[in-house]
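Data block below; observations after.
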Amino acid sequence: MNIQELFSLKGKTAIVTGGGRGLGQQIAAAYAEAGANIVICSRNLDACKKIVETLQEKGVRALAFKCDVSNPEDIEHVVDETLKEFGRIDILVNNSGTSWGAPALEMPADKWDKVMDINLKAVFLFSQAVGKIMVNQRSGKIINIASIAGLGGQDPLVMDAIGYSASKGAVITLTKDLAVKLAPYNVHVNAIAPGFFPTKMAKAILDYSGEKILERTPAGRFGSNDDMKGPALFLASDASNYVYGHILVVDGGTTATVQ
């Protein structure tokens, strides 16, 4: 294949959870530009519909669904409706996420459970549901959105959200283990570990410790509205056909520095 073919998603179908805003919106736009059919879902159906309308105006086949990604019945509905419309699922991006900031010794148990349900349990449930389809197809790409917070301990002056860090660390291990399990079926499971992007979810952290974060970021800036497109497209396309269980860090060099 030539390079255009390697990165083309023409005729493929992608589900992006949390695709109504932030990184999910950026990833969905990239896949649409590369030729894919797009399905986005989240609890905020209105936000998803707005993105779908924008894509449809550009000639993209796209659907929006309301979905609690920690609810197996909601997941099954999205999967079933996607198959009815497009006949297959080629790409799944587990992007939906949440956080709760609190000192480690004061983290409420119910908030811990909420973070784990959305950030970890949902990744497993959606991957399980779509993975069955991909195994039968003998092809597919599952991309989990982790975080550099899952790579190790975080300075509480920068981020004090132990549930978030723990959940993303678990996503990294889940990615590697599921990659090993599904590789024989030509199903690729990889993850992206973003640094700091000015999304709605990151706003509180950036307001609190943005200057400290920039001091530790060699690139000297936060992620832009385009910085996730290339990495996400690479892992969704044939260009990554020999990549399994990889954690692609996209952080402006933050984790490359010696702390």
Side-chain angles (χ1 to χ4, degrees), residues 14-24 27-28 39-45 47-48 64-83 89 91-102 104 107-135 140-152 154 159-182 187-194 199-202 232 235 245-247:
I15 297 176
V16 181
T17 71
R21 68 183 192 191
L23 296 182
I27 291 169
V39 176
I40 60 176
C41 62
S42 75
R43 293 186 180 187
N44 189 339
L45 180 58
C48 291
F65 295 103
K66 183 178 178 63
C67 180
D68 174 353
V69 292
S70 66
N71 184 328
E73 293 181 357
D74 283 8
I75 293 171
E76 183 179 357
H77 175 70
V78 173
V79 171
D80 288 346
E81 292 301 312
T82 301
L83 290 175
I89 302 171
I91 302 154
L92 168 66
V93 180
N94 285 306
N95 169 73
S96 289
T98 190
S99 186
W100 187 267
M107 177 76 175
D110 62 327
K111 303 306 180 185
W112 171 276
D113 290 342
K114 178 182 178 182
V115 171
M116 289 296 170
D117 281 349
I118 300 298
N119 291 4
L120 179 59
K121 178 183 175 183
V123 172
F124 168 68
L125 291 177
F126 230 122
S127 296
Q128 187 179 54
V130 174
K132 293 175 183 177
I133 307 299
M134 293 178 170
V135 165
K141 306 274 187 169
I142 297 175
I143 302 158
N144 299 323
I145 304 303
S147 169
I148 60 171
L151 298 173
Q154 302 299 307
M159 178 185 288
D160 209 358
I162 193 168
Y164 181 82
S165 297
S167 69
K168 293 302 186 178
V171 166
I172 288 171
T173 301
L174 183 154
T175 297
K176 292 176 178 288
D177 194 51
L178 192 59
V180 173
K181 305 298 193 292
L182 299 187
V187 177
H188 303 71
V189 186
N190 294 289
I192 299 174
T199 62
K200 183 177 180 180
M201 191 172 76
L235 291 179
H246 181 64
I247 312 303

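Note that the numbering runs from 1 along the sequence shown for the chain.
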Using the side-chain contact (heavy atoms from CB on, under 4.5 Å) definition, which of the options Val16, Val189, Ile192 pairs with Ile143?
Ile192
Please identify each residue that fulfils side-chain hydrogen bond (donor to acceptor under 3.5 Å, both in side chains) with Ser127, with sequence neighbours left out.
Asn94
So, taking the atom named CD1 in Ile15 and the one named CD1 in Ile89, what distance separates them when rounded to the nearest 0.5 Å?
4.0 Å
For Lys66, the side-chain hydrogen bond (donor to acceptor under 3.5 Å, both in side chains) test, sequence neighbours excluded, returns none
Nearest non-hydrogen partners of Ile75 and Val69, listed with the distance:
CD1-O, 3.2 Å
Measure the CG-NZ distance between Asn71 and Lys121 for me, rounded to the nearest 0.5 Å.
8.0 Å
Side-chain donor/acceptor pairs under 3.5 Å, residues 162-176, sequence neighbours excluded:
residue : atom : partner : partner atom : Å
Ser167  : OG   : Asn119  : ND2          : 3.1
Ser167  : OG   : Gly163  : O            : 3.3
Ser167  : OG   : Tyr164  : O            : 2.7
Lys168  : NZ   : Ile145  : O            : 2.9
Thr175  : OG1  : Asn144  : ND2          : 2.9
Thr175  : OG1  : Val171  : O            : 2.8

Can you name the closest pair of heavy atoms from Ala232 and Ile27 and give their distance?
CB-CG1, 3.8 Å
List for me each residue that meets salt bridge (Lys or Arg N to Asp or Glu O under 4.0 Å) alongside Asp177, sequence neighbours excluded, and say none if there are none.
Lys181
For Pro72 against Leu125, the heavy-atom pair lying closest together:
CG-CD1, 4.0 Å
Any idea which heavy atoms bring Ile40 and Ala28 closest together, and the distance?
CG2-CB, 4.0 Å
Using salt bridge (Lys or Arg N to Asp or Glu O under 4.0 Å) as the criterion, list what pairs up with Glu81, not counting sequence neighbours.
Lys84
Please tell me if the side chains of Ile142 and Phe126 come closer than 4.5 Å, counting only heavy atoms from C-beta onward.
no
Can you list the residues that meet the ring-ring contact (aromatic ring centres under 6.0 Å, His included) rule with His246, with sequence neighbours excluded?
none
Gap separating the CD1 atom of Ile118 from the CZ atom of Arg43, nearest 0.5 angstrom:
4.5 Å
Results of side-chain hydrogen bond (donor to acceptor under 3.5 Å, both in side chains) for Thr17 - residues two or more places apart only
Ser96
In terms of heavy-atom contacts, Met159 and Gln154 come closest through O-CB, 3.7 Å
Specify the closest pair of heavy atoms between Ala129 and Val79, including all atoms of both residues, with the distance to one decimal.
CB-CG2, 4.3 Å
Take atom CH2 in Trp100; do more than 12 heavy atoms of anything else shown fall under 6.0 Å from it?
no
Who pairs with Phe124 by ring-ring contact (aromatic ring centres under 6.0 Å, His included), at least two apart in sequence or on another chain?
none
Applying side-chain hydrogen bond (donor to acceptor under 3.5 Å, both in side chains) to Ser70 and not counting sequence neighbours gives Asp68
So CG of Asp160 and CE of Met107: to nearest 0.5 Å the spacing works out to 10.0 Å
For Asn44, the side chain to side chain contact (heavy atoms under 4.5 Å, CB included) test, sequence neighbours excluded, returns Ser42, Asp46, Ala47
Whether the side chain of Asn95 engages the backbone of Gly18 through a donor-acceptor N/O pair (distance < 3.5 Å, no angle test) should be reported.
yes
